[in-house]
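These notes concern the structure reproduced below.
No experiment lies behind these values; they were computed from the predicted model shown.
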Amino acid sequence: MSDPVVLLDDLRDESDELDRLVSELREEEWKTSTPAPGWTITHQIAHLAWTDRAALLAATDADAFAAEAEKALAAPDRFVDEGAEEGAALPPAVLLDRWRADRARLQEALRAAPPGARFPWYGPPMSASALATARLMETWAHGQDVADALGVVRAPTARLRHVAWIGHRARDYAYLVRGEQPPAEPFRVELVSPCGELWAYGPEGAAQKVTGPALDFCLLVTQRVHRDDTALTAHGPDAAHWLTIAQAFAGPAGAGRQALATSEEP
């Protein structure tokens with residue numbers, strides 16, 4: 001894991017980058033459809049605002065978070081969409097102000113967290129660093145949806161290392177959420193960063209290995225691209241299968257994206 005201060009700085013910068021992308025949009029542009037079925041740009045920002053608010057409650061008011069978690073348990077297939085719909089009903093300016101305020105308060109709470117503190121979440125309790133990493137991953141992924149909707153190509157940054165790290169760490173979850181047994185042996189992941197550095201995870205001698213661009217790996221584990229549209233190479237059958245199911249986010253197994261060749265067919 002990265003230094004907590006650096007990690008929180010990266011989370012702030014990732015959020016600010018997305019903020020700049022949407023802050024100058026006209027009101028009608030907020031209604032632009034994104035690759036997520038049924039979600040507009042407004043829904044994407046509303047979801048991030050809702051989740052940042054949940055993270056803030058987890059870090060500052062465990063009882064209030066527990067009440068929110070009970071709502072999620074009561075409607076596991078709907079609570080994410082319902083949270084996005086609720087926020088999307090707000091005027092964009094109001095939604096943007098709420099998101100800014102809550103993510104600033106979340107930054108303050110996580111920076112003030114004592115070493116070793118753990119916070120409740122929808123799965124196992126999380127440390128401040130783990131919670132910040134999850135928030136950065138999701139902010140980047142939903143920011144990609146917004147960028148795709150607007151036809152904007154974002155320059156990848158070194159902040160992707162956090163997304164790659166959680167994607168590697170979540171390997172077993174991708175199997176379990178689909179009712180599959182994870183492989184007993186760890187995998188090796190070797191990625192080329194945006195600046196040409198090597199980011200490596202897992203033991204060097206692992207028989208199963210994934211190599212390729214860090215951006216492609218991050219897009220894949222957040223299910224923002226189809227496996228066939230990446231330059232990733234799987235070394236070994238288990239690694240090859242993992243790349244077809246990988247997901248870095250919690251919750252049900254995602255449907256993923258169609259391959260470009262398929263989606264472009266008449």
Inset, instruction - Before giving the answer on side chain to side chain contact (heavy atoms under 4.5 Å, CB included), spell out for Asp16 and Arg20 the whole-Å C-alpha distance, their side-chain angles and the decisive distance to 0.1 Å. - result: CA-CA 6 Å; Asp16 287 350; Arg20 288 191 294 271; 3.8 Å; yes

Inset, instruction - Test Asp9 against Arg12 for salt bridge (Lys or Arg N to Asp or Glu O under 4.0 Å), laying out the working first. - result: CA-CA 5 Å; Asp9 286 348; Arg12 177 200 61 209; 3.3 Å; yes

Legend entry - Trp199 vs Val192, side chain to side chain contact (heavy atoms under 4.5 Å, CB included): CA-CA, chis, key distance, verdict: CA-CA 6 Å; Trp199 295 343; Val192 179; over 6 Å; no

Inset, instruction - Decide yes or no on salt bridge (Lys or Arg N to Asp or Glu O under 4.0 Å) for Glu29 and Arg26, but give the supporting numbers first. - result: CA-CA 5 Å; Glu29 290 179 302; Arg26 299 184 302 275; 3.5 Å; yes

Legend entry - Thr133 vs Val163, side chain to side chain contact (heavy atoms under 4.5 Å, CB included): CA-CA, chis, key distance, verdict: CA-CA 7 Å; Thr133 303; Val163 182; over 6 Å; no

Legend entry - Criterion side chain to side chain contact (heavy atoms under 4.5 Å, CB included) on Gln144 and Arg154, from CA distance to verdict: CA-CA 8 Å; Gln144 186 64 43; Arg154 303 188 299 174; 3.1 Å; yes

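At distances below 3.5 Å, at least one donor-acceptor pair connects side-chain atoms of His43 with backbone N or O atoms of Thr40. Put simply, the side chain of Arg171 never gets that close to the backbone of Gly167: no donor and acceptor are under 3.5 Å apart. Looking at Arg118, its side chain does come within 3.5 Å of a backbone N or O of Pro125 through a donor-acceptor pair. Of the possible polar contacts, one joining the Arg224 side chain to the Ala141 backbone as a donor-acceptor pair under 3.5 Å is found.
Geometrically, Arg188 does not engage Tyr201 in a cation-pi contact, judged by NZ or CZ lying under 6.0 Å from the ring centre and within 45° of the ring axis. At least one cation-pi condition fails for Arg161 and Trp165: the charged atom is not both under 6.0 angstrom from the six-membered ring centre and inside a 45 degree cone around its axis.
Tested against Asp52, the residues Arg100, Arg135, Arg98 include a single side chain to side chain donor-acceptor pair (under 3.5 Å) partner, Arg135. When each of Thr42, Leu95, Ile45 is tested with Val22 by the rule side chain to side chain contact (heavy atoms under 4.5 Å, CB included), just one qualifies, namely Ile45.
Counted within 6.0 Å of CD on Glu82, heavy atoms from surrounding residues, nucleotides or ligands total more than 12; the atom is thus considered enclosed. For CD of Glu28, the number of neighbouring non-hydrogen atoms (other residues, nucleotides, ligands) closer than 6.0 Å is greater than 12. By the 6.0 Å contact criterion, CZ on Arg169 is open, its count of non-hydrogen atoms from other residues, nucleotides or ligands being 12 or less.
The distance between the ring centers of Trp39 and His47 falls below 6.0 angstrom.
In this pair, Tyr122 and Phe79 present their aromatic rings tilted. The plane angle is within the 30 to 60° band.
Val210 is connected to Leu160 through a chain of hydrophobic side-chain contacts under 4.5 Å among Ile, Leu, Val, Met, Phe, Trp and Tyr, so both are in one cluster. In this structure, Leu191 is a member of the same hydrophobic cluster as Trp140, with clusters built from ILVMFWY side-chain heavy atoms closer than 4.5 Å.
When only modelled atom types and interatomic distance are considered, Arg257 and Gln223 share no side-chain donor-acceptor pair under 3.5 Å. Side-chain N/O atoms of Gln107 and Arg103 include no donor and acceptor closer than 3.5 Å.
Gln258 contributes atom CD, which lies 11.5 Å from atom CG of Asp228 (distance to the nearest 0.5 angstrom). One distance of note links NE2 of His226 with CG of Leu219; it measures 14.0 Å at 0.5 Å rounding. For the atom pair Thr34 OG1 and Gln44 CD, the distance stands at 4.0 Å (nearest 0.5 Å).
Taking every heavy atom of both residues into account, Ala84 and Ala46 meet most closely at O-CB, 3.5 Å. Taking all atoms of both residues into account, the shortest heavy-atom contact from Asp229 to Leu260 is OD2-N, 2.7 Å. Among all heavy-atom pairs drawn from Leu8 and Ala132, the shortest one is CD2-CB, 3.8 Å. The shortest non-hydrogen separation linking Ala54 to Phe65 is O-CD1, 3.5 Å. Among all heavy-atom pairs drawn from Ala134 and Met126, the shortest one is CB-CE, 4.0 Å. Here the closest non-hydrogen pair linking Pro35 and Asp148 is CG-CB, 3.9 Å.
Residues Leu96 and Val94 have side chains not in contact (no heavy-atom distance under 4.5 Å, counting atoms from C-beta outward). Side-chain contact between Asp10 and Val6 is present, with at least one heavy-atom pair separated by less than 4.5 Å. Put simply, the side chain of Glu85 does not reach to within 4.5 Å of the side chain of Arg78, judged on heavy atoms.
For Glu17, the side chain to side chain donor-acceptor pair (under 3.5 Å) partners two or more places apart in sequence, or in a different chain, are Arg159.
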Donor-acceptor contacts under 3.5 Å from residues 235-246 side chains, at least two apart:
residue, atom, partner, partner atom, Å
His235, NE2, Thr211, OG1, 3.1
His241, NE2, Glu180, OE1, 2.8
Thr244, OG1, His241, O, 2.5

